[in-house]
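So the structure is just underneath, and the comments pick up after that.
Note that this is a predicted model, so its numbers are computed, not measured.
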There are 2 protein chains.
Amino acid sequence: MDEQILTQGRFAGWTFAYEGKAKRLYRSPEGDRYLVRFKDDATAFNGKKRGQIESKGIVNSRISSLLFRLLEEHGVETHLLEEVGPGQMLVRAVEIIPLEVVVRNLTTGSLSRRLGLPEGRPIDPPLVEFYYKSDALDDPLVYPEHAGLLGAAREEEVVRLRELALQVNGVLQAFFQQLRIVLVDFKLEFGRADGRILLADELSPDTCRFWEAGTGRKLDKDRFRQDLGQVEEAYQEMLRRVEAGATGRVASSAGMGGGGR
Amino acid sequence: MDEQILTQGRFAGWTFAYEGKAKRLYRSPEGDRYLVRFKDDATAFNGKKRGQIESKGIVNSRISSLLFRLLEEHGVETHLLEEVGPGQMLVRAVEIIPLEVVVRNLTTGSLSRRLGLPEGRPIDPPLVEFYYKSDALDDPLVYPEHAGLLGAAREEEVVRLRELALQVNGVLQAFFQQLRIVLVDFKLEFGRADGRILLADELSPDTCRFWEAGTGRKLDKDRFRQDLGQVEEAYQEMLRRVEAGATGRVASSAGMGGGGR
Ligand SMILES: Nc1ncnc2c1ncn2[C@@H]1O[C@H](COP(=O)(O)OP(=O)(O)O)[C@@H](O)[C@H]1O
Ligand SMILES: Nc1ncnc2c1ncn2[C@@H]1O[C@H](COP(=O)(O)OP(=O)(O)O)[C@@H](O)[C@H]1O
Ligand SMILES: [Mg+2]
Ligand SMILES: [Mg+2]
């Protein structure tokens with residue numbers, strides 16, 4: 001897994017490009033695509049807490065691929081080109097915009113902490129926040145104007161990111177509702193390619209908060225962050241549900257894709 | 001200075017209402033006005049650094065009064081009713097909106113720290129930021145939407161605050177330019193009274209950053225924050241200049257009020 005140049009099979013000759021906290025990227029000889037290998041490494045609180053979650057790479061890669069495909073079907077352009085075996089995704093190379101775009105439907109996490117707000121209060125209309133992607137600065141919250149000052153994105157781009165993020169939220173909320181999952185919040189990354197803006201990175205229990213409808217059971221990385229136990233099980237449970245939703249096997253009378261009405 | 005009820009002179013019967021880090025407020029019997037007594041106490045970094053700056057109360061009260069009067073002349077409504085002797089201001093009681101409204105013309109301070117931006121870079125157009133006034137939460141940066149969630153202000157009010165803040169910036173920039181002072185940034189507080197929004201609190205070297213044109217010499221609370229020395233002198237120097245500007249005694253050929261052209 002630590003090769004500098006892949007030597008076997010379809011990706012022979014692809015070169016190691018970048019290793020982040022959750023993924024390792026290999027660049028195509030032409031430089032236009034990346035092979036993304038998802039790791040089982042788990043980090044939280046900007047790398048201060050570290051661990052491993054068994055099979056997380058495989059789960060997150062699969063969930064990301066299914067959700068990106070769903071979004072494409074609903075008109076959102078993503079970097080996904082192809083799912084290529086467990087834990088791997090083939091994507092278009094983009095110039096990542098160094099902003100974490102966060103959409104929130106319920107209060108929790110850093111929002112509640114930063115502002116002293118109670119947990120689990122509905123936010124309607126949904127809130128879109130931008131954080132400057134900088135481990136050194138601890139990902140500070142920024143205004144569109146700050147993003148401009150930082151050279152992270154032009155203000156018009158930020159307006160577009162906001163629209164796209166809300167569009168993604170609409171599609172995902174409808175999808176997860178039929179799976180009896182509350183989409184609490186999530187983080188997106190976007191990138192530029194050929195003058196267009198594509199949804200990039202991943203969409204997984206690492207980057208979304210999922211609460212089971214009714215019970216409120218957490219099915220995401222908060223189990224790891226907060227040492228709640230049954231972390232692997234939660235990831236597997238989310239995979240099972242997303243697979244079911246994506247293939248129309250949802251035993252629900254509500255929402256899209258349910259065969260029951 | 002620590003009376004619970006003032007007993008002498010014009011304000012006999014006024015009752016102690018609130019003590020903050022920089023001022024003490026006494027309420028009129030009718031509850032519609034406050035006598036504001038400015039203190040010499042200096043704090044920085046949300047109260048973590050403490051000290052005294054000789055005559056600061058008198059200087060800040062006088063500068064605030066002169067600047068509020070200037071702003072009134074330019075159509076900005078403020079809480080100022082009357083200057084009543086050294087270190088005291090008579091103001092309209094308002095319901096303070098718990099947002100610190102910061103206007104920035106140059107990068108420095110928390111902006112540079114938070115975002116890793118170099119100091120002293122021009123920001124054009126000026127940047128308006130909102131911080132939630134909460135010592136417990138360390139005054140976090142907020143979006144207008146956050147202010148709404150917090151019940152601090154309605155989003156339409158925040159839009160109005162932004163307009164007012166930029167209007168204040170325009171008036172003050174022109175005024176300080178003729179005094180050979182660069183208005184780097186400043187913090188405003190606003191309040192509600194009779195359905196209107198008034199500029200409240202203070203405008204002083206405690207709440208503004210002033211850099212001498214040409215030399216860049218700091219003439220504000222940063223001298224205290226950063227232990228630069230000559231703190232009292234800087235406050236006195238700013239008082240001298242603002243007095244001169246307000247009474248048209250500016251030996252300058254530039255800007256408004258200068259008699260030289
Ligand atoms: N399509 C893409 N093109 C280029 N870079 C990408 C693409 N998708 C994701 N990335 C980047 O890959 C890097 C590795 O991901 P990850 O391990 O999650 O990193 P991080 O530690 O920054 O969270 C991230 O910087 C991410 O922005
Ligand atoms: N016109 C006004 N009516 C009511 N409160 C006011 C008015 N002007 C200022 N205040 C409030 O007076 C308090 C005391 O001021 P200060 O000592 O600067 O407090 P702080 O420690 O919050 O900075 C502040 O909470 C400020 O918002
Ligand atoms: Mg990541
Ligand atoms: Mg104050």
Is there side-chain contact between [X] and [Y], with heavy atoms separated by less than 4.5 Å?
| X | Y | value |
| --- | --- | --- |
| A:L149 | B:L115 | no |
| A:V128 | B:Y143 | no |
| A:H146 | B:E129 | yes |

Exercise for the section: Give a yes or no answer on whether the side chain of B:R114 reaches the backbone of A:V142 with a donor-acceptor pair at less than 3.5 Å. Expected result: no
Handout entry: Heavy-atom contact with chain A under 4.5 Å, split by part of B:R121
Key = side chain
Fill in the blank from the handout: Applying a strict 4.5 Å limit to non-hydrogen atoms, the region of A:L141 in contact with chain B is both
